[in-house]
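This structure is a prediction, so every number in the text was calculated from the model and none was measured.
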Amino acid sequence: VQLQASGGGLVQAGGSLRLSCVASGGNFWSVNMAWFRQGTGKEREFVAAVSWNSISTIYADSVKGRFTISKTNTKSTVYLQMNSLKSEDTAVYYCATRLPRVVGALRTETTDYNIWGQGTQVTVSS
């Protein structure tokens with residue numbers, strides 16, 4: 001599976017963006033997907049994850065209530081809808097997955113994922 005993220009850009013605080021991550025080369029329907037982000041000089045951190053069947057989602061506390069992750073198997077795409085953006089959301093955003101799929105609860109550590117997209121820059125101006 002290869003991942004290609006897009007949708008980043010420059011937005012004012014309080015605005016919205018929707019990130020997309022298209023998967024190719026594998027069975028997208030069978031994988032859990034996640035978004036991470038990395039600000040300048042910071043560690044990469046978990047943002048959100050969705051289960052392979054879209055039944056389960058989890059979010060970092062910092063984005064809960066503002067961001068929504070969703071997965072559409074027909075388009076092999078995972079989305080991250082970001083609303084009420086804040087300057088602290090500024091980062092490079094990465095989509096990620098793991099093969100073979102891990103059974104059980106969704107994971108939040110970077111080491112739990114072994115396939116990564118190239119990242120898309122999100123800049124929120126205050």
Side-chain angles (χ1 to χ4, degrees):
V1 174
Q2 292 86 44
L3 304 176
Q4 179 76 32
S6 63
L10 174 64
V11 64
Q12 288 188 332
S16 298
L17 277 176
R18 187 176 79 160
L19 305 183
S20 300
C21 176
V22 179
S24 60
N27 291 324
F28 182 77
W29 65 269
S30 67
V31 298
N32 301 329
M33 295 295 300
W35 286 96
F36 287 76
R37 66 187 181 185
Q38 187 167 17
T40 302
K42 298 181 179 180
E43 297 285 324
R44 191 169 297 189
E45 65 176 2
F46 171 78
V47 176
V50 59
S51 63
W52 64 278
N53 54 8
S54 298
I55 288 178
S56 300
T57 57
I58 55 173
Y59 297 90
D61 287 343
S62 59
V63 306
K64 205 170 291 183
R66 300 187 298 122
F67 290 12
T68 302
I69 188 171
S70 60
K71 183 174 181 276
T72 171
N73 292 331
T74 56
K75 296 182 179 180
S76 298
T77 302
V78 61
Y79 300 100
L80 185 68
Q81 177 66 43
M82 306 186 295
N83 298 327
S84 302
L85 283 161
K86 306 175 181 180
S87 57
E88 50 263 45
D89 295 317
T90 294
V92 177
Y93 283 71
Y94 299 90
C95 53
T97 190
R98 181 181 180 91
L99 285 175
R101 176 166 59 91
V102 175
V103 177
L106 292 169
R107 308 298 176 92
T108 63
E109 299 295 326
T110 57
T111 51
D112 294 322
Y113 296 85
N114 58 5
I115 299 173
W116 294 82
Q118 87 288 4
T120 184
Q121 175 71 47
V122 172
T123 303
V124 184
S125 62
S126 56

Only counting residues at least two apart or in another chain, list the ones meeting side-chain contact (heavy atoms from CB on, under 4.5 Å) with [X].
X	result
V124	V11, A13, L85, D89, T90, V122
T72	T74, K75, T77, Y79
S62	R37, A60

Drop me the distance from T68's OG1 to M82's CE, to the nearest 0.5 angstrom. 11.0 Å
What distance separates S76 OG from Q4 CD, expressed to the nearest 0.5 Å? 14.0 Å
Between [X] and [Y], is there a shared hydrophobic cluster once you connect ILVMFWY residues whose side-chain heavy atoms come closer than 4.5 Å?
X	Y	answer
V22	L19	no
L17	V50	yes
V78	F36	no
Y94	L3	no
Y93	L10	no

side-chain contact (heavy atoms from CB on, under 4.5 Å), that's the test. Do S51 and L106 meet it? Break it down for me. CA-CA 7 Å; S51 63; L106 292 169; 4.1 Å; yes
Y59: ring-ring contact (aromatic ring centres under 6.0 Å, His included) partners, not counting sequence neighbours: none
Which pairs with one or both residues in [range] pass disulfide bond (SG atoms under 2.5 Å apart), sequence neighbours excluded?
range	value
residues 57-90	none
residues 54-84	none
residues 3-70	C21-C95

For K42, which residues count as a salt bridge (Lys or Arg N to Asp or Glu O under 4.0 Å) partner, sequence neighbours excluded? none
Would you mind listing every side-chain hydrogen bond (donor to acceptor under 3.5 Å, both in side chains) that reaches into residues 95-122, with sequence neighbours excluded? Q121-T123
Pairs under 3.5 angstrom only: tabulate donor-acceptor contacts from the side chains of residues 25-32 to other protein residues two or more places apart or in another chain.
unit_1 : atom_1 : unit_2 : atom_2 : d
S30    : OG     : N27    : O      : 2.8
N32    : OD1    : W52    : N      : 2.8

In terms of heavy-atom contacts, W35 and S20 come closest through CH2-O, 3.7 Å
Minimum-distance pair of heavy atoms, taken over all atoms of S16 and N83: OG-OD1, 2.9 Å
Please list all pairs passing the salt bridge (charged side-chain N to carboxylate O under 4.0 Å, His left out) test where one or both residues lie in residues 47-63, with sequence neighbours left out. D61-K64
Other ILVMFWY residues reachable from I55 by side-chain steps of under 4.5 Å: none
